[in-house]
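Report on the structure given below.
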Protein chains: 4
Amino acid sequence: MTRTVDLNADMGESFGTWSLGDDAGLLDIVTSANIACGFHAGDPDVMAATMKNAVAKDVGIGAHPGFPDLQGFGRRRMSVPNETLGNMVRYQLGAAQAMARAAGGEVRHLKLHGALANMASEDLAMARTCYQAALSVDPQIIVMVLAGTAQQQAAQELGCNTACEIFADRAYNDDATLVDRRLSGAVIHDPGEAARRMVEMVQEKAIVTASGKRIPARIDTICLHGDTPEALAIAAAVRNALLGSGVRLAKANGAVL
Amino acid sequence: MTRTVDLNADMGESFGTWSLGDDAGLLDIVTSANIACGFHAGDPDVMAATMKNAVAKDVGIGAHPGFPDLQGFGRRRMSVPNETLGNMVRYQLGAAQAMARAAGGEVRHLKLHGALANMASEDLAMARTCYQAALSVDPQIIVMVLAGTAQQQAAQELGCNTACEIFADRAYNDDATLVDRRLSGAVIHDPGEAARRMVEMVQEKAIVTASGKRIPARIDTICLHGDTPEALAIAAAVRNALLGSGVRLAKANGAVL
Amino acid sequence: MTRTVDLNADMGESFGTWSLGDDAGLLDIVTSANIACGFHAGDPDVMAATMKNAVAKDVGIGAHPGFPDLQGFGRRRMSVPNETLGNMVRYQLGAAQAMARAAGGEVRHLKLHGALANMASEDLAMARTCYQAALSVDPQIIVMVLAGTAQQQAAQELGCNTACEIFADRAYNDDATLVDRRLSGAVIHDPGEAARRMVEMVQEKAIVTASGKRIPARIDTICLHGDTPEALAIAAAVRNALLGSGVRLAKANGAVL
Amino acid sequence: MTRTVDLNADMGESFGTWSLGDDAGLLDIVTSANIACGFHAGDPDVMAATMKNAVAKDVGIGAHPGFPDLQGFGRRRMSVPNETLGNMVRYQLGAAQAMARAAGGEVRHLKLHGALANMASEDLAMARTCYQAALSVDPQIIVMVLAGTAQQQAAQELGCNTACEIFADRAYNDDATLVDRRLSGAVIHDPGEAARRMVEMVQEKAIVTASGKRIPARIDTICLHGDTPEALAIAAAVRNALLGSGVRLAKANGAVL
């Protein structure tokens, strides 16, 4: 049976006069785009242009909500009551849906951004709040979760459409957490190595840790980056290696876990 | 044949810790609420609470987009390219739709706010841009227009569901424009007078000007205010007088003009 | 020897069209005003008006910087690198200085707001960063600190002009921390009680805890509130009781601790 | 007698994670930097870094206030009451002064940005409001004005320190206004041509128009750009040609006109 996997990347992270990332390059590689919703990056014009390009390339559109913090790019943790968090997610998702509809597309999935994602991967109640909020707007939405974290657990408990994600360029510890960025080898810089690992993990249906351990895992989608030339080279290498090994690339459909 | 008219008011204009207006009082009077969408007032929490209250009172929900200008409350004119304007409207409408859906309701109509509304009542291309943007998100949405302005003309040309609006507390010139606020008599402060005028206009299907002239006009909805005790008294008086004269009050359905 | 104490309160917390607090009432009671600097509340117009009124009443002007979070009123904790924190403090202090100068006054003191103040009262490095930043702009500025917290320690280590503050309406634990707001008796609602406590503490040069324990403390200034009618009544009662007991009220001068 | 002229350029226009312009390249060319103050671009960190670099290169620091419009980069016209405009200028100038002081420098001049500058070059009352506001904060500040516009007239009437500016890369009409950008030849793309024109104008103390007419003018400073490789090449060519023709380059001192 052919394995199928989704490739996703963050996009639409420009703002006003300021450009960021190589969205055009990424759109030729990925099958799903996580599009910033204006709180940490993106503005209505950037969203409109990004949605239009995604529709033209038949790339799946995702809402990528974050904290309301342009200066910090949504990477600074904020203590926000859960009810407010839920409303922030609803608001951003709705804005993304409207922009997608006007571009002839639709929002298929939701992925949390930055500090909001990091906090939700550690805090079950917070992850549940965010996903419930998204489901209150669209009960069919595919929730994209970091495999093996509280994000996955929350989606599982909610019984919603879920797609589990691994990173192409990050090494894993034996408990499925990411190796601390400050340690050597935490970030993979070699396109060939990243590509080999991804083929291995997708085929073995397991996270392969830095020590070589296999942790069985659902792998629905692989997170790629495009913010540096190196990142784009890794993204292209992963794509080509997967296709070369007989893996099919397609927008994640999600499944109830 | 019973005449039917809608009563609308701006709502959800608080922001964070700052309260504004008597939304609870207005929700017992109006049949439609124009809810701020976060650009000039409102935030996701305020929107959620306002939507919930509107649903509970069976008041029709409208998106009330404005310029991105919290300090100026959307009342300062801005020169924004039309494409950007359209995207601003789409974004705010989508956010409102999501908040409404999560509250068990739906956005039925759209009404422009403040300087955006003023500019669009004078500038046909701008009005058309805003309404086309809204229709690209929801082709069935009811566009609420200032009767006799470029807003109405734009909606007419677009052939969309339209509801024409008059003001309860403003005197009209003989060309259907509003009497300049700086002139005496421009703003009606007496609840009884406001109420009598509204009954007269609705029954005669005409704008009655300050000089007594009748200008035949579609009157689908009456704009009320609730930001002062006096405004709320006028709103209540208009409601009671209309009901007392046999006029039926209901959410505007709009019609293709 | 006559005891002298300063009375301070937060002010200028309106924003755009939204009003907050009874600044006019407070300006007749306090000797120092902590004026919001536009990040969590206040805008340049509100600042200008508040500075002007403070100058007219000969009330000491303080900069009251907070996190950049209007929706959360600066009450939501944010993880911000210390260098960024320092620059936020410099920026807001500078803005306040300019507004004060244009109003014919000057910024005499600095007091941190909301979550920034709470975090700095627990985190010595953060308090030091904020105060060093203020001193890099004005080496003579009086730093207003929560007595007995990391704020006081940081100011002490920096050897800067410092004014130590207690709360008029909050009960203290035996370790000089505040009684948790969720416990009964944590907040004092009775003007008479608040007034008696303040006279007692100022005269005994000690924090009197809920259990009756005396903790010797520098008391340079007392924090009052004006956001409710009750708060304003407490403020007035404290002022009158202090004057009645022979205490002199004057802007804090600060001292090197 | 040696002619002396200042070279100025906009700087510090990055924001958060988003970079813009080649500030390092420009700092080796110009003698004065117009530093964004956080309303249309720049944030406290960007300001701190830019101030520090300007101090290190002995480049004169200027505050460069704009409209509060990050998405529009301060290029969208806004209708703001004059009192509010003045307070916006005061606030931004004060913030810049604090950042400069902390970096070991000082704000020497003020130059309006974008739409605010365009409007003030046409509207004498608006220009006067902005400059009076700056002078209320620092009576000695050098106001940098577009030569021959309402900006210059306002500064003249106020009797303040003034530096008159021409553009290196824009063609002039015979009435000293700029040739409309939509016309061919309006923008000069050739470094050699830009350099020759600047030497000519500085030596002749006149604006040389597209038709060859000479309009006698004070020329204290030349505006350069650094947002494209071409712009930086023009900037370098102008600098080198001026130095080669015996013109001295130095921070503008301003003069009462």
Side-chain angles (χ1 to χ4, degrees), chain C residues 12 15-17 35-39 42-52 55 61 63 65-68 70 80-107 110 129-141, chain D residues 12 15-17 35-39 42-52 55 61 63 65-68 70 80-107 110 129-141:
Chain C
F15 183 78
T17 202
I35 299 179
C37 300
F39 274 39
D43 62 46
D45 289 344
V46 169
M47 290 173 79
T50 311
M51 300 281 181
K52 191 181 155 193
V55 169
I61 291 175
F67 281 126
L70 284 174
V80 176
N82 274 347
E83 193 182 335
T84 298
L85 268 184
N87 288 329
M88 284 179 180
V89 168
R90 287 181 189 101
Y91 185 100
Q92 295 182 69
L93 171 55
Q97 287 177 322
M99 302 315 289
R101 211 168 302 136
E106 51 159 349
V107 171
L110 175 120
T129 296
C130 292
Y131 298 153
Q132 270 179 321
L135 296 165
S136 72
V137 175
D138 175 6
Q140 299 308 318
I141 201 161
Chain D
F15 183 79
T17 201
I35 300 179
C37 300
F39 275 38
D43 62 44
D45 289 344
V46 169
M47 290 173 80
T50 311
M51 300 282 181
K52 191 180 154 191
V55 169
I61 292 175
F67 281 127
L70 284 174
V80 176
N82 274 346
E83 193 182 336
T84 297
L85 268 184
N87 288 328
M88 285 179 180
V89 168
R90 288 182 188 99
Y91 184 99
Q92 295 182 69
L93 170 55
Q97 287 177 322
M99 302 316 288
R101 213 169 300 136
E106 51 159 349
V107 171
L110 175 120
T129 296
C130 293
Y131 298 153
Q132 270 179 322
L135 295 165
S136 72
V137 175
D138 175 6
Q140 300 307 317
I141 202 162

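So you know, we letter chains A, B, ... as the sequences are listed, proteins then strands, and number each from 1. What's counted below: heavy atoms across the whole structure, side chains too, no hydrogens, waters or symmetry copies.
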Interatomic spacing from CG in Asp43(C) to CG in Asn87(D) - rounded to 0.5 Å: 8.5 Å
Gap separating the CD atom of Gln97(C) from the CG atom of Leu93(D), nearest 0.5 angstrom: 11.0 Å
Side chain Tyr91(D), main chain Cys37(C), donor-acceptor under 3.5 Å: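 Yes; at least one donor-acceptor contact below 3.5 Å.
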Minimum-distance pair of heavy atoms, taken over all atoms of Val137(D) and Ala102(C):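 Reported closest heavy-atom pair: CG2-CB, 4.5 Å.
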